[in-house]
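Presented below is the structure to which this report refers.
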Amino acid sequence: MVNGDMKTKIQTVARVLGYKTESEEAFGRVVTTIGENKVRIIDLKNKYSVSGETVTETPIIGIQSREFGESESKVAVTGLTDIYAAKFDGYDGFLGVTVTGDKVIDSYLPDFSQPGAVKTGEVEMIGAVALKNSRNAGVLRNIKII
């Protein structure tokens, strides 16, 4: 999981080295995978915050500047980002869990016997994520994007 700039860099290197493949999934979207193990690079894009009429857009994985070194000789380095990796697996990896141990998604259907063309229903998801084995997730920090 990366930001858009890092995804572009990784795909460019993979294409030049001959490791990038593209295929079409069942829904018609183009899926880009890298290497023999079919690793997918996912751009996490942005999160949106709404306050009144103001909408703020912030990248989930941004490009930052960080300081390195001892207190007397600190050096600020700009243009750094991170790469997050996770194995999505229901048995040993990164997975979704429910709070109640029941269904993850509850749906509440409207009363279709009532008149009217527009009906309102609800879908509710109460869940969380868990990592069963710490070997199945990791992060590469402070990667310089030029």
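Bear in mind that the values here come from a model prediction, so they are computed numbers and not experimental data.
Residues K38 and E36 fail the side-chain proximity criterion, which asks for heavy atoms closer than 4.5 Å. Side-chain contact between T120 and P110: absent, with no pair of heavy atoms (C-beta onward) separated by less than 4.5 Å. With a 4.5 Å cut-off on side-chain heavy atoms, I83 and M6 count as touching. Taking 4.5 Å as the limit, some side-chain heavy atom of F94 sits within range of a side-chain heavy atom of V129. In this structure, the side chains of K144 and T78 come closer than 4.5 Å at one or more pairs of heavy atoms. The closest side-chain heavy-atom distance from K9 to V13 is not below 4.5 Å. Counting heavy atoms from C-beta on, the side chains of I126 and T98 never come closer than 4.5 Å. Using a 4.5 Å cut-off on side-chain heavy atoms (C-beta onward), F68 and V77 make contact.
V104 belongs to a hydrophobic cluster whose other members, connected by ILVMFWY side-chain contacts under 4.5 Å either directly or through intermediates, are I105, V123, M125.
Checked by atom type and distance alone, the side chain of K119 pairs as donor or acceptor with a backbone atom of G116 at under 3.5 Å. T54 places no side-chain N or O within 3.5 Å of a backbone atom of V50 that could act as its donor or acceptor partner. Not one N or O on the side chain of N37 forms a donor-acceptor pair closer than 3.5 Å with the backbone of V39. Put simply, the side chain of D82 never gets that close to the backbone of V139: no donor and acceptor are under 3.5 Å apart. Not a single donor-acceptor pair under 3.5 Å links the side chain of S73 to the backbone N or O of G69.
Atom CG of D5 and atom CD1 of I63 lie 4.0 Å apart (nearest 0.5 Å). Atoms CZ and CG, on F88 and L95 in that order, are 10.5 Å from each other to the nearest 0.5 Å. In this structure, I34 CD1 and Q11 CD are separated by 5.5 Å, a value rounded to the nearest 0.5 Å.
For K45 against D43, the heavy-atom pair with the smallest separation is N-OD1, 3.0 Å. The minimum heavy-atom distance linking Y84 with R141 is given by the pair OH-NH1, 3.2 Å. The shortest non-hydrogen separation linking A130 to V97 is CB-CG1, 4.1 Å. Shown here for K74 and E67, the closest heavy-atom pair between the two residues is CD-OE1, 3.3 Å. In this structure, G62 and P59 approach most closely via the heavy-atom pair CA-CB, 4.0 Å. A pairwise comparison of heavy atoms in L131 and S134 identifies CD2-CA, 3.9 Å as the closest pair.
Salt bridge status for D89 with K87: present, with a side-chain N to carboxylate O gap under 4.0 Å.
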Exercise for the section: Kindly indicate, with the supporting measurements, whether the criterion side chain to side chain contact (heavy atoms under 4.5 Å, CB included) is fulfilled by E22 and V31. Expected result: CA-CA 6 Å; E22 291 183 348; V31 176; over 6 Å; no

Exercise for the section: Begin with the C-alpha distance, continue with both residues' side-chain angles, and end with the deciding distance and a verdict on side chain to side chain contact (heavy atoms under 4.5 Å, CB included) for T58 and N46. Expected result: CA-CA 5 Å; T58 310; N46 300 319; over 6 Å; no

Practice task
Please assess T81 against I61 for the test side chain to side chain contact (heavy atoms under 4.5 Å, CB included), listing each intermediate value before the final yes or no.
Solution key: CA-CA 7 Å; T81 189; I61 301 174; 3.6 Å; yes

Practice task
Dump the intermediate steps for side chain to side chain contact (heavy atoms under 4.5 Å, CB included) on L44 and V2, then the final yes or no.
Solution key: CA-CA 6 Å; L44 292 184; V2 296; over 6 Å; no

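The hydrophobic cluster containing I10 also contains L17, counting ILVMFWY residues as joined when their side-chain heavy atoms lie under 4.5 angstrom apart, directly or transitively. Clustering ILVMFWY residues whenever any of their side-chain heavy atoms sit less than 4.5 angstrom apart, transitively, puts I42 in a cluster other than the one holding V30.
Shown here is E25, whose CD atom has more than 12 heavy atoms of other residues, nucleotides or ligands within 6.0 Å. Few gaps surround CZ on F112; more than 12 heavy atoms of other groups in view lie less than 6.0 Å from it.
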